Amino acid sequence: MSFRKDFVWGEATSAYQIEGGCYNTGKGLDIWDVFCKEKGKVYEGHTGDIACDHYHRFKEDVALMKELGIKAYRFSINWARVFPNGTGEVNQEGLKFYHDLVDELCNAGIEPFITLYHWELPYEIYKKGGWLNREIVEWFSDYAKFIVEEFSDKVTKYFTLNEPQCFVGLGFLNGVHAPGIKLPIRDTFLMAHNALMSHGMAVKKMREAAKQDIQIGIAPTGTMSYPDSDKKEDIEAARIHLMSANEDLYNWTWNVTWWSDPIFFGEYPKEAVELYKDYLPEITKEDMELISQPIDFYGQNIYNGHRVKMGENGKPEVVKRYDGFPKTALGWPVTPECLYWGPYFLYERYKKPIYITENGLSCHDTISLDGKVHDPNRIDFVSRYLSQLKKASEDGVDIRGYFHWSLLDNFEWNSGYADRFGMIYVDYPTQKRIIKDSGYWYKKVIEENGENL
Ligand code: IFM
């Protein structure tokens, strides 16, 4: 089998990155609204105030998705748009926006996949301590329950948190993302623990609230590891490398097992617990039971990986990339093998169906003289990566779907609008959308269920 017959071909976005509609819509402030207004935090002072104006143009965007032939759309709900204060009163206009979007998608035959948290922490929750305050477990799970009560008659697939590695690491450890602060390491471990408990409590309440069977996952990220050769020892080296804590303390969040072992095994990885023991909060048996609520699938955002071989000392060794190694416009390495070995190792360890919840690249896209947007690099990149994913599927990894990042060019966080990840070009001054060559190429891939890769 190459790709499953019901393989889910999708596109992904997130709320703050595309919606705009930040003011006069009843939405409460989130930490990105506040962060972007501070001088020097985001490239050229860009903000998400308007972004792709998807808030007002979602119908046009769904029509474009239909034209691309995508089967599913993964988007996030901005917590502060629905609950301006994070808890309590609901912003009916914001809620209606998401209902209208979901209805539009369903009418177009596109399955909505909802992500509950893609980094838009309501500012009012932040002021109460945000992820540092254990009460967030209730605040977040009540929000999650509410969304499921509202949408589960129409939407059956949900992700709780997107890339906790990023929102804790970039937001609170090195401070390049909102809210832009550098906390003591100890606090970030507490946040991570609270985030995992919020996930677990959300899963519990969502299942209780669902109007029909729903499926829930989480969407972590991480740099994958792939073997230098087919030799058994290199494969083992890559496996060990992926599942260990390799980063220095100030980058500790970039780690697979710290986030995923608790969910699937009900415990933090022993080796890492030993490594981080001086920084850990009190962790109880009850906490771990909560975190390890059964979930239905594993979402993984994958962009690149390290090439790893077994060193002479019997320990994994990262192979240095050669000079001039291929890279994307953002400078990220192009390593298609990670879309074979990443899912392979994750499936082997966690034994859950996998969705690739994000994958893609930024390119220096422009409108050519012929009025079109030619992006051969994106076609080449996605083609190479998808071929590896197909091989993984052929080798028995249970891969259910692929969500390309991203549908539209959008607000790339602290890089503002400087980086373009979309299969649809957005001309920000006019908000005109142009399907790039890669979009038409992806349409064919979808039509042929990847047989043409
Ligand atoms: O744009 C981001 C997204 O919000 C989270 N994952 C990585 C993407 C590209 O940087």
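The model shown is predicted, which means the values in this text are computed figures rather than measured ones. Just follow the structure's listing: the first ligand is 1, and inside any ligand the first atom is 1.
- At a 3.5 angstrom cut-off on N or O pairs, N410 does not count as close to ligand 1.
- Taking 4.0 Å as the cut-off between side-chain N and carboxylate O, R420 and D365 do not count as a salt-bridged pair.
- Residue W413 approaches ligand 1 through these ligand atoms, each under 4.0 Å from one of its heavy atoms: 1 (O), 2 (C), 3 (C), 4 (O).
- D380 has no carboxylate O lying under 4.0 Å from a charged side-chain N of R378, or vice versa, which leaves the two without a salt bridge.
- Counting the atoms of ligand 1 from 1 in the order shown, those under 4.0 Å from a heavy atom of H118 are 3 (C), 4 (O), 5 (C).
- Nearest heavy atoms, F58 versus F97: CD2-CE1, 3.7 Å.
- A salt bridge is absent between K27 and E19: the closest approach of a Lys/Arg side-chain nitrogen to an acidic carboxylate oxygen does not fall below 4.0 angstrom.
- If you number the atoms of ligand 1 from 1 as listed, the ones under 4.0 Å from a heavy atom of W332 come out as 9 (C), 10 (O).
- Below 3.5 Å of separation, one finds an N or O of W405 facing an N or O of ligand 1.
- Of all atoms in ligand 1, listed by their number and element, those nearer than 4.0 Å to a heavy atom of E163 are 5 (C), 6 (N), 7 (C).
- Remark: K432 does not engage E60 in a salt bridge, criterion side-chain N to carboxylate O under 4.0 Å.
- Short contacts between ligand 1 and Y303, defined as distances under 4.0 Å to a heavy atom of the residue, involve ligand atoms 6 (N), 7 (C), 8 (C), 9 (C).
- For atom 10 (O) of ligand 1, the closest non-hydrogen atom on the protein side is E412 OE2, 2.5 Å.
- Atom 7 (C) of ligand 1 has its closest protein heavy atom at E358 OE1, 3.2 Å.
- Between K182 and D187 there is no salt bridge, since no side-chain N of the basic residue sits under 4.0 Å from a carboxylate O of the acidic one.
- The atoms of ligand 1 that sit less than 4.0 Å from any heavy atom of F421 are 9 (C), 10 (O).
- Taking the ring centre of W441 as origin, the terminal cationic atom of K436 falls outside the region bounded by 6.0 Å and 45° from the ring axis.
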